[in-house]
Protein chains: 2
Amino acid sequence: MSKYDTVLDPYFAALGDPTRRMILQRLARGKASVSELAKPHNMAMPSLMEHLKKLETANLITSKKEGRTRICELAPKAFTPAQNWLSEQCAIWEERQAYDDL
Amino acid sequence: MSKYDTVLDPYFAALGDPTRRMILQRLARGKASVSELAKPHNMAMPSLMEHLKKLETANLITSKKEGRTRICELAPKAFTPAQNWLSEQCAIWEERQAYDDL
DNA sequence: ATCATACTTAGACATATGCCTAAGTAAAAG
DNA sequence: CTTTTACTTAGGCATATGTCTAAGTATGAT
């Protein structure tokens, strides 16, 4: 079931950027507007928006417009796709280890 | 401790490619030579080698030359960096949820 | 009605990425 | 000792990525 999981491509790619991981860490602490998210990153707004777009495409965050500000938050179960894939691989590997130890 | 973890950049980036995830899935089942790894991927050898190099740089796999063949295997605790970062974020988020539910 | 704020769109640009072919090199087989 | 085999190196090429500036648009404040 995880063999050709194309969903994980943009997902892990999104996690591969430090700016985006910092955004996620910030959002783990609660909702934030785009400009709040932008502040710690000495970066032009459109550049930051690109990151947000990738996070949203990857289903790591959601966002909605409230007046002229956009509020972002972590998607529900944002991290489970990664955790599932990873623990699946671990399981296979550990099963293998059990055999090898005989 | 995970705030500016540059190690995770090449790490997650490596996971963001389907070819490389398939290689990891294969290696979870045990060691393999480069050509064994190459077989299921209709891809020129040098292209595949690039993927292996990225996986090795990311500390997801190790490899050693045995005669003229190179044997690859999963790095020890290959997946824990990712699992640690992910569960850290989950923890922060869940802590937050506890407050919000009051 | 005017102005400032908070994005948003459009376009440019340098570098990175994923792929290829062609030409090595080194070990094993015949 | 010649030929295969199994990588490896070098170089090229198209597209993707991460960044920017400049010019919108829409909403809130005065």
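Residue numbering restarts at 1 for every chain, and letters A, B, ... go by the order of the sequence lines.
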Worksheet item: Does A:His51 have a side-chain nitrogen or oxygen under 4.0 Å from the phosphate oxygens OP1 or OP2 of D:dT17?
Response: no
Discussion item. Check this one for me: any side-chain N or O of B:Ser47 less than 4.0 Å away from OP1 or OP2 of C:dG18?
Written reply: no
Worksheet entry | N or O in side chain of B:His41 less than 4.0 angstrom from C:dC19 OP1/OP2 | no
Practice prompt. Check every atom of C:dC19, C:dT21, C:dT8 against the side chain of B:Met43 and return the nucleotide holding the closest atom.
Written response: C:dC19
Item to complete: Whole angstrom is fine here: how far is it from CE in A:Met49 over to P in D:dT21?
Response: 17 Å
Discussion item. For a quick check of understanding: with a heavy-atom distance under 4.0 Å over all strands, which category does A:Glu50 fall into, base, sugar-phosphate or nothing?
Written reply: base
Item to complete: Compare all side-chain heavy atoms of A:Pro18 with those of B:Thr6 and state whether any distance is below 4.5 angstrom.
Response: no
Worksheet item: For A:Lys54 and D:dA16, is the shortest distance between a side-chain N/O and OP1 or OP2 below 4.0 Å?
Response: no
Worksheet, complete the sentence: Here the distance between atom P of D:dT9 and atom CG of B:Leu48, to the nearest Å, is 15 Å
Practice prompt. Mind checking the CZ-CH2 spacing from A:Arg96 to A:Trp93? Nearest 0.5 Å is all I need.
Written response: 11.5 Å
Worksheet entry | B:Phe12 CZ - C:dT17 C1' separation (whole Å) | 19 Å
Discussion item. In this structure, which stretches of DNA chain D are paired as stems of three or more consecutive Watson-Crick or G-U pairs, both distances less than 3.5 Å?
Written reply: C:1-30 with D:1-30
Worksheet item: Does the side chain of A:Leu27 come within less than 4.5 Å of B:Gln89's, by heavy atoms?
Response: no
Worksheet item: Could you run down nucleotides 1-6 of chain C 5' to 3' and tag each one B, S or - for protein heavy-atom contact under 4.0 Å?
Response: ---BBS
Worksheet item: Under 4.5 Å between any side-chain heavy atoms of A:Val34 and A:Thr69, yes or no?
Response: no
Worksheet entry | side-chain hydrogen bond (donor to acceptor under 3.5 Å, both in side chains) partners of residues 39-61 of chain B, not counting sequence neighbours, each pair once | B:Arg20-B:His51, B:Glu56-B:Ser63
Item to complete: Write down the atom of A:Phe79, the atom of A:Tyr11, and the distance for their closest heavy-atom approach.
Response: CA-OH, 3.2 Å
Practice prompt. Please state how far atom NZ in B:Lys39 lies from atom C1' in D:dA6, giving the value in whole angstrom units.
Written response: 12 Å
Worksheet entry | Which residue lies more 5' along DNA chain D, comparing B:Lys53 with A:Arg20 via nearest heavy atoms | B:Lys53
Response to the item:
Walking DNA chain D from its 5' end, the first of A:Asp17 and A:Glu66 to be reached, judged by nearest nucleotide, is A:Asp17
Practice prompt. Describe, in one word, how the ring planes of B:Phe12 and A:Phe12 are oriented to each other, choosing from parallel (under 30°), tilted (30 to 60°) and perpendicular (over 60°).
Written response: parallel
Worksheet item: Between C:dT8 and A:Lys65, is there an OP1 or OP2 to side-chain N/O distance shorter than 4.0 Å?
Response: yes
Worksheet item: What is the distance from CG of A:Asn42 to C1' of D:dG18, rounded to the nearest Å?
Response: 15 Å
Item to complete: Take B:Met49 and B:Leu52 through the side chain to side chain contact (heavy atoms under 4.5 Å, CB included) test and state the conclusion after the steps.
Response: CA-CA 5 Å; B:Met49 289 290 294; B:Leu52 294 178; 4.2 Å; yes
Discussion item. Quick check: do B:Lys64 and B:Glu73 have side-chain heavy atoms less than 4.5 Å from each other?
Written reply: yes
Worksheet item: What integer distance in Å separates A:Asp9:CG from C:dT17:P?
Response: 15 Å
Worksheet item: Are any of the side-chain heavy atoms of B:Leu37 and B:Arg26 separated by less than 4.5 Å?
Response: yes
